Amino acid sequence: MTMTIYEARDYQDMSKKAANIIAAQIIMKPDAVLGLATGSTPVGAYENLVEGYKKGDLDFSKVTSVNLDEYKGLSGDNDQSYRYFMNTNLFDHVNINKERTFVPNGLEEDSQKACSAYNEIIESVGGIDLQLLGIGGNGHIGFNEPDEVFHAGTHCVDLTESTIQANARFFASMDEVPKQAYTMGIQNIMGAKKILLVASGEGKAKALYDSIYGPITPKVPASVLQLHNDVVIVADEAALSLIKEKGEC
Ligand code: F6R
C-alpha cells in the first residue's frame, strides 16, 4: 500500500491541492481518463481547474471522463442529476469534448443493461488513470454504502429511506424523488491507476480514520483503498482531526 496524506489548512487549501494533482495528471498525460465525483467536496477543486483552463494552463480537449454514479430515473437536464452537476460545475466551462464525458445512463430502466453498458465504457476507454473520490460520513465511496459484501462492478443500489427523505425537498412531488442509483463498484474504482480522495470537515473525521487505520471491511467501503498501491488523500485539518489526535500523522 502506498498512501500519501496531504494535510490542507481548510477547504480552499484542500481544493487547490486536489486541483493541482488533477492538473498535473492532465499535463503529464493530455489524453488522460479521469474518474470524477460529484457532491460538495470537489466543487472547489473543479473551480480551480476551470481557473487553470481560463488562464491557459490546462487543456481538456483530449481528456476523457467517467463519473462514479447517477440517480436512476433522472435525465441529464434535471438539475438534481449528476450529469447536470458535472456540466454546470466543470464541463460547460472547459474545452472538454462532451462526447468523451461519461455518466451512467439514469434514463435506462433496465438496470442490468445500464450497468453492463457502463462497465463496457470504462473498459473501452482503457481504464481510469486518476479516480477522484469523496467519502461519506459512513465511509461510502460512490454509492457503495456499508454492506455485508463489496460489490465488484457497476450496480444498481436502493437508496436508504433517509437519503430519499433528504432529497425530497428538491423535487415537486415524492414520486419524482429517485429511489435508486447506478454506481461504479469497488472493482471499477480500485482498477484506477491512481486514486485521489478529498475530505473536508469534522463530519468525515471518523470515516477517514476507520478507512485508513481500521480493518478492511465492506462495512466501511473506503477501507478497501488500503489495498490500492497509489492513493493520495487530501484532507483539511478538521477531517484529519481524529487521525492527528491518535498520533497517526
Ligand atoms: C459523489 C459520490 C459520493 C460523495 C460522498 C461525499 O459522486 O459518489 O460518494 O463523494 O457522498 O459527498 P460530499 O462531498 O457532498 O460530502
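Every number for a ligand or one of its atoms is a count from 1 in the order of the listing. Just so you know, these numbers use all the heavy atoms, side chains as well, and skip hydrogens, waters and symmetry mates. Because the structure is predicted, anything quoted here is derived from the model rather than measured.
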Option whose closest heavy atom lies nearest to atom 9 (O) of ligand 1, chosen from Gly142, Gly134, Ala37, Pro42: Gly142
Exam field: side chain Asn87 to backbone Asp92, donor-acceptor pair closer than 3.5 Å: no
Nearest option to atom 6 (C) of ligand 1, as decided by whichever heavy atom of Thr41, Val43, Ile135 sits closest: Ile135
Per-atom contacts of ligand 1 with Lys204, taking only distances under 4.0 Å to non-hydrogen atoms: 6 (C), 13 (P), 16 (O)
Contact (N/O only, under 3.5 Å) between Asp69 and ligand 1: yes
Euclidean distance, Ile243 CD1 relative to Glu237 CD, rounded to 0.5 Å: 13.0 Å
Of the listed options Gly139, Gly39, Ser200, Ala222, closest to atom 12 (O) of ligand 1 (non-hydrogen atoms): Gly39
Student check: side-chain heavy atoms of Phe143 and His155 closer than 4.5 Å: no
Six-ring centre of Tyr213, Lys246 cation under 6.0 angstrom, axis tolerance 45°: no
Leu68 contact mode with ligand 1 (heavy-atom cut-off under 4.0 Å): side chain
Distance from atom 11 (O) of ligand 1 to nearest protein heavy atom, with residue and atom: His140 NE2, 2.6 Å
Residues Asp77 and Arg83 bridged, charged N to O under 4.0 Å: no
Distance (rounded to the nearest 0.5 Å) between Asp129 CG and Lys29 NZ: 3.5 Å
Option nearest atom 7 (O) of ligand 1 (shortest heavy-atom distance, choices Thr38, Val103, Leu36): Thr38
